[in-house]
Amino acid sequence: MPALSNRLIAAWAWLAGLGGLAALIAAGVGQGVPRRAAGAAILVLAVLKARVILARYLDLDRARAWLSGFGWAVTLWAALVLGLYLV
Amino acid sequence: MREVMTKSMARNIFYGGSLFFIIIFLGLSAHSVGYITSQPTHQTLDASVVAGKRVWEENACINCHTIMGEGAYYAPEVANVMKRWGVDDDPEAAFEALKGWIESQPTGIEGRRQMPRFDLTDEQIRDLANFLLWTGTVDTQNWPPNDAG
Amino acid sequence: MKYETQKIALAYFAVAMALFAIQVSAGLLAGWVYVSPNTLSELLPFNIIRMLHSNSLVVWLITGFMGAAYFLIPEESEREIHSPTLAYLQLLILVVGTLGAVVTYVFDLFHGHWLLGMEGREFIEQPVWVKVGIVVAALIFLYNVTMTVLAGKKTAITNILLLGLWGLALLFLFSFYNPGNLSLDKQFWWYIVHLWVEGVWELIMASILAYLMLKLTGVDREVVEKWLYVIVALALFSGILGTGHHYYWIGTPGYWQWIGSIFSSLEVVPFFAMMAFAFVMVWKGRRDHPNKAALLWSLGCATLAFFGAGVWGFLHTLHGVNYYTHGTQITAAHGHLAFYGAYVSLNLAIFTYAMPILLNRDPYNQVLNMGSFWLMSGGVVFMTFALTFAGTVQTHLQRVLGENFMDVQDQLAIFYWMRFGAGIAVVLGALLFIYAVAVPRKEIIEPGAAETPAE
Amino acid sequence: MSDAASGSALDDLPGELLMWVLIVSELLVFGAGLVAFMAVRLTDPAGFAAAQDHLFRAGAALNTMVLVSSGFLAAQALRWREAGARGAARWALVAAAALGVVFLIIKGAEYAAKSADGIGWDTHAFFTFYYLLTGFHAAHVVAGVVLLMLVAWRDAVANIQAVAMFWHMVDLVWVLLYPVIYLLA
């Protein structure tokens, strides 16, 4: 088997870790984790995961301007969702 | 300069993507047919209602009226006309009201929109009334917003 | 004209323009009945006038598309049309069918007859025998053009055009299916109406527009065809599920409200892309084509389609809005500008481009033609605004306040007068257009003269 | 368009431009759908929360792992194919597709459990959105599995790249959809 890409392995590890963390936070809501803070944290984690996919899987780290453009769009979207969640 | 788009790939994406959406659309269409035919209104669809629909079509009613909001916009909505007339729970009254209406046309009043005189038999009027009563019972997600149609 | 059989298009365009004249005249008459309702109310009631107006529109647009196909396919595939005889036979069938439908409507012949009588579902009122004739004509047409393309060069333009025309014909088959359940009837009726105008017709439109851009601007075929794929991809990706915006209130499941709202909101994107495409091509293009009128119609088509089909469609496509505006004059406003911008202008663009070539007389007097563009477009745009205001007032009075339909209509009289005035401009523009392209104007032009004398 | 966009920022985008058009369109569709979901939730927060409790969160978390792992394999396949390792690339694509099937099996089990509980799309507004959004996403997964197998067979670099981009888009949509539908209590 040819060598695996370390950058992709790192991306995969990040995605797995962030996803697991989000699941843990959500599971903790019944056990004392404040609901609103948990919601915010879950959405921040979602934005981070999206950025990892855009940068590493979709190779946008070779086009930084596009990466930040997509990053902003996803962030604004998450802010909108969070706003709707918190009102 | 790097080629940002090749024609063959553009073609493949077009055909593949269209196929994808067509399949989803057909799946949802099939589901909708199943939904419509499982509604109570599908059970109450009797021969008279179907005959009434035919009367509706043969006289090109839809080219003045709307039914469920579709048609011409020259004359009132008819999907809820029986409710507007207050006869939606009484087929006999619905028949009488419709017969009275049709036979009083055209009014000939100057400056008023004229409904033509349609020479319908009592049976045809009864079928048409049943069709309109039936249409009023379809679950249209609460449309129209009010009795004005 | 490089290929002899391109001449077939001339007959198709002539029939199309004759029907165009009938269509706008019937429209004007209907507009007059709106302001003076007793007119002809016993001889030719409103519903018959409207059938003439809408049916002749559909038939002339399709005849124009077919003529356009006969005109551009020989050039694209570098082959003569497979069989000119079949092409003329097909036109004959269409003309007989159209006349048959008109006579049946006007005199209400064979009332209620299953084969000969008028069918009475909106836009597909043709008697069954005419429908069969349409299918036969469509089969002849598809056989003829497909054989031509298969024997010759295959380009993206002909591929997309053929796909659109095949889709048009196949979807028409749903006009033979008329279930007793009104909800089912409507569900599949939209398979024809929506999947035509917001589906396969867009393919035809985009490919003809691409052909015109190729000829008028001299931009590379490679570039034009890539754009074409992007546009048609966007059109079908949004348009197919966009059908959901007709499934809000007809007894179909509630989920269509969300599918319809989201996908049909995106239907504006392909129209924007078409407009961007047309303007970018003209800017990029190095060719200074003498047929300025064809260029004007092409750009006008892309622009008005964007506003009529795109923007005016979006205005009332979200189900929360549509709940109140459905079936009001807002729909009429959208319908008029969308059909005019997308499909009428497209046909007139290809007529304007092709007629001088077919009649072997270019360059020619374009001022009248360009004048007709501004007159007609101005008229339709004004009509659209008048009907949009009428629809807004109607929505408020009837749907929000619950006032009686006829009482509301009486209050809209001023807008209907404005619409009638706009209609006069449109009819004059249409007649001017037909005159400008059909009547040869003998002009002595020095070879290489920079300008036509009329300019 | 290459001509029209010469020297423009579009040249910087890695991969087929039309794939990026597709990615943006899909993000718009799902983004709008999720925002609509959150907006409708405001009309009945308690009902939405109660409905959400019927969801199988552990399965969805597992599916996140499945999809991002599959995405990894697709990305790795492209690298390998570019480096000339065709055999390895093919196996990675087949494995990515297999994980897609695993995703669908878990999703199918989830739908079957809902159905067994008598829950359908019209039980509650929550479930209408749940089925529309996850169902539309699952349809993309089905298409992705077919495409991955297709390019494992017809393995030109451009083909693998386009399909990998599609697959990453499916991933991307899932990491945005999963938290909103399953986790925001």
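To find a chain, count down the sequence lines: A is the first, B the second, and so on, and within it residues start at 1. The structure displayed is predicted, hence computed values, not measured ones. We use all heavy atoms of the structure for the numbers below, so side chains are in, but hydrogens, waters and symmetry mates are not.
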Residue pair C/N38 / B/G111: nearest heavy atoms and the distance that separates them: OD1-N, 2.7 Å
Salt bridge present between B/R112 and C/D410 (N-O < 4.0 angstrom): yes
Part of B/N142 within contact of chain C (heavy atom distance under 4.5 Å): both
Intermediate values then yes/no, side-chain contact (heavy atoms from CB on, under 4.5 Å), B/F21 and C/F263: CA-CA 11 Å; B/F21 282 104; C/F263 282 93; 3.7 Å; yes
Side chain / backbone / both / neither for C/L387 at chain B, heavy atoms under 4.5 Å: neither
Contact origin within C/V35 toward chain B - heavy atom pairs under 4.5 Å: neither
Student check: side-chain heavy atoms of B/S32 and C/Y255 closer than 4.5 Å: yes
Check against side-chain contact (heavy atoms from CB on, under 4.5 Å), B/Y15 and C/N159: CA-CA 11 Å; B/Y15 284 114; C/N159 283 347; 4.1 Å; yes
Contacting region of B/N146 [heavy-atom separation from chain C under 4.5 Å]: side chain
Top contributor to chain B interface from C/Y191, C/Y248, C/Y247 [non-hydrogen pairs under 4.5 Å]: C/Y191
Where B/Q141 and C/T252 come nearest, the two heavy atoms and their spacing: NE2-O, 3.4 Å
Check against side-chain contact (heavy atoms from CB on, under 4.5 Å), C/L163 and B/F14: CA-CA 12 Å; C/L163 188 65; B/F14 165 66; 3.7 Å; yes
Side-chain heavy-atom pair C/N181, B/K53 within 4.5 angstrom cut-off: no
Stepwise side-chain contact (heavy atoms from CB on, under 4.5 Å) test for B/E77 and C/H326: CA-CA 11 Å; B/E77 167 68 30; C/H326 180 53; over 6 Å; no
Under 4.5 Å from a heavy atom of chain C, the part of B/I62 involved: both
Proximity breakdown for C/Q394 and chain B, heavy-atom pairs closer than 4.5 Å: neither
Closest contact, heavy atoms only, B/Y73 versus C/F405: O-CZ, 3.5 Å
Contacting region of C/T328 [heavy-atom separation from chain B under 4.5 Å]: backbone
N/O donor-acceptor pair under 3.5 Å between B/R11 side chain and C/A156 backbone: no
Nearest-0.5 Å distance, NZ of residue C/K226 to CE of residue B/M9: 12.5 Å
C/I49, part contacting chain B, at a heavy-atom distance under 4.5 Å: neither
Top contributor to chain B interface from C/N404, C/T331, C/V232 [non-hydrogen pairs under 4.5 Å]: C/V232
Minimal non-hydrogen separation, C/E225 against B/K7, with atom names: OE1-NZ, 2.6 Å
For the student: nearest non-hydrogen atoms of C/F46 and B/C64, plus distance: CD2-SG, 3.6 Å
Within 6.0 angstrom of B/Q105 CD, more than 12 heavy atoms from elsewhere: yes
Stepwise side chain to side chain donor-acceptor pair (under 3.5 Å) test for C/W190 and B/E70: CA-CA 11 Å; C/W190 284 115; B/E70 291 163 7; 3.1 Å; yes
Which atoms of B/Y35 approach chain C - backbone, side chain, both or neither, heavy atom under 4.5 Å: side chain
Which atoms of C/E42 approach chain B - backbone, side chain, both or neither, heavy atom under 4.5 Å: side chain
